[in-house]
Amino acid sequence: MIYFVTSNRGKFAEAREIFEDLEMRNIGYTEIQADTLEEVADFGIREVARRLEGPVMIEDAGLFIPALKGFPGVYSAYVQKTVGNQGILKLMSEETDRRAFFRSVVAYAEPGLEPVTFEGEVHGRIGFEERGNLGFGYDPIFYLGNRSLGEMEIDEKNCISHRSASMNALKAWLSSRPEP
Ligand code: IMP
């Protein structure tokens, strides 16, 4: 059994499809302001491992838009909370380069183990309108082909998403390491 420390039910629902034995713990942790998701996740997992006994994991993600020099990137949560999807659409309204990608870094620790991290990405583009009410966050403006992630059920999103890539990498690592 693994404790997934997050306040985001959408993330937990996605992770739950990958790890059968997962428990959500909404206990909060320090999300430092850093240049990379790895630094945020590495700092966070060490704090969580000190506070919770047992296997623990956290995940930090962001939306990166090359035409905006990577913005919102590590500021994704703040930007989503403030200007939201409409704010991003507005910033992109005159832009022809619509490319964007999500990046996910999952960090895992257990007693006696130095924390490990795994990453995943999905590349798509920013649409011109919000579509769909599934998923969360930036899903309705992030398109693959002619559909947004907001129009995809969890199992479909999990076939392609940044989070499923990072978490499946962790899962593969967990099942391939030698028994202690
Ligand atoms: P954090 O990993 O919770 O810090 O996420 C940063 C921001 O990106 C939050 O506003 C999330 O809602 C958003 N976000 C993270 N993952 C996804 C995703 O899979 N789809 C859409 N938005 C996401």
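No experiment lies behind these values; they were computed from the predicted model shown. Remember, it's 1-based here, ligands and their atoms both numbered in the order they're listed.
For atom 14 (N) of ligand 1, the closest non-hydrogen atom on the protein side is Phe136 CE1, 3.8 Å. In terms of protein heavy-atom proximity, atom 13 (C) of ligand 1 is nearest to Tyr138 CD1, 3.8 Å. Closest protein heavy atom to atom 6 (C) of ligand 1: Ala61 O, 3.3 Å. Ranking the protein heavy atoms by distance from atom 16 (N) of ligand 1 puts Arg163 NH2, 2.8 Å first. Atom 20 (N) of ligand 1 has its closest protein heavy atom at Asp139 OD1, 2.6 Å.
In this structure, Arg50 fails the cation-pi test against Tyr29, since its NZ or CZ atom is not both closer than 6.0 Å to the six-membered ring centre and inside 45 degrees of the ring normal.
Proximity to Lys157 (heavy-atom distance under 4.0 Å) selects the following atoms of ligand 1: 18 (C), 19 (O), 20 (N). Annotation for ligand 1: atoms under 4.0 Å from non-hydrogen atoms of Gly137 are 12 (O), 21 (C), 22 (N). Ligand 1 places these atoms under 4.0 Å from at least one heavy atom of Ala77: 6 (C), 7 (C), 9 (C), 10 (O). Residue-ligand proximity, Ser76 to ligand 1, at heavy-atom distances under 4.0 Å covers atoms 6 (C), 7 (C), 8 (O), 10 (O). Against a heavy-atom cut-off of under 4.0 Å, Glu31 is close to the following atoms of ligand 1: 4 (O). Per-residue contacts place Gln80 under 4.0 angstrom from the following atoms of ligand 1 (heavy atoms of the residue considered): 10 (O). Those atoms of ligand 1 with a heavy atom of Lys11 less than 4.0 angstrom away are 1 (P), 2 (O), 3 (O). Taking a cut-off of under 4.0 Å to the non-hydrogen atoms of Asp60, the atoms of ligand 1 that pass are 1 (P), 2 (O), 4 (O).
Neither the backbone nor the side chain of Phe142 comes within contact range of ligand 1; no heavy atom lies under 4.0 Å. Proximity of Lys81 to ligand 1, defined as any heavy-atom pair under 4.0 Å, is not found for any part of the residue.
Between the side chains of Asn85 and Gln80, at least one donor-acceptor pair of N or O atoms lies under 3.5 Å. No donor-acceptor contact under 3.5 angstrom links the side chains of Thr6 and Glu59, judged on distance only.
Below 30°, between 30° and 60°, or above 60°: for Tyr108 and Trp173 the angle between ring planes is above 60°, a perpendicular geometry. Taking the six-membered ring where the residue is Trp, Phe102 and His162 present parallel rings, their angle staying beneath 30° rather than reaching 60°.
Of the N or O atoms in His162, one or more lie within a sub-3.5 Å distance of an N or O in ligand 1. Distances between N or O atoms of Glu14 and those of ligand 1 include no value under 3.5 Å.
To the nearest 0.5 angstrom, Ile45 atom CD1 is 4.5 Å from Ile58 atom CD1.
Contact annotation: the side chain of Val105 never approaches that of Ser166 to less than 4.5 Å [non-hydrogen atoms, C-beta and beyond]. Between Glu53 and Pro111 there is a side-chain heavy-atom pair separated by less than 4.5 Å.
Under the 4.0 Å criterion applied to side-chain N and carboxylate O atoms, Glu114 and Arg46 are assigned as salt-bridge partners.
The cluster map of Ile, Leu, Val, Met, Phe, Trp and Tyr, joined by side-chain heavy atoms under 4.5 Å apart, puts Ile27 and Met24 in different clusters. Put simply, Leu68 and Val122 are part of the same group of oily side chains (I, L, V, M, F, W, Y) that touch within less than 4.5 Å, one to the next.
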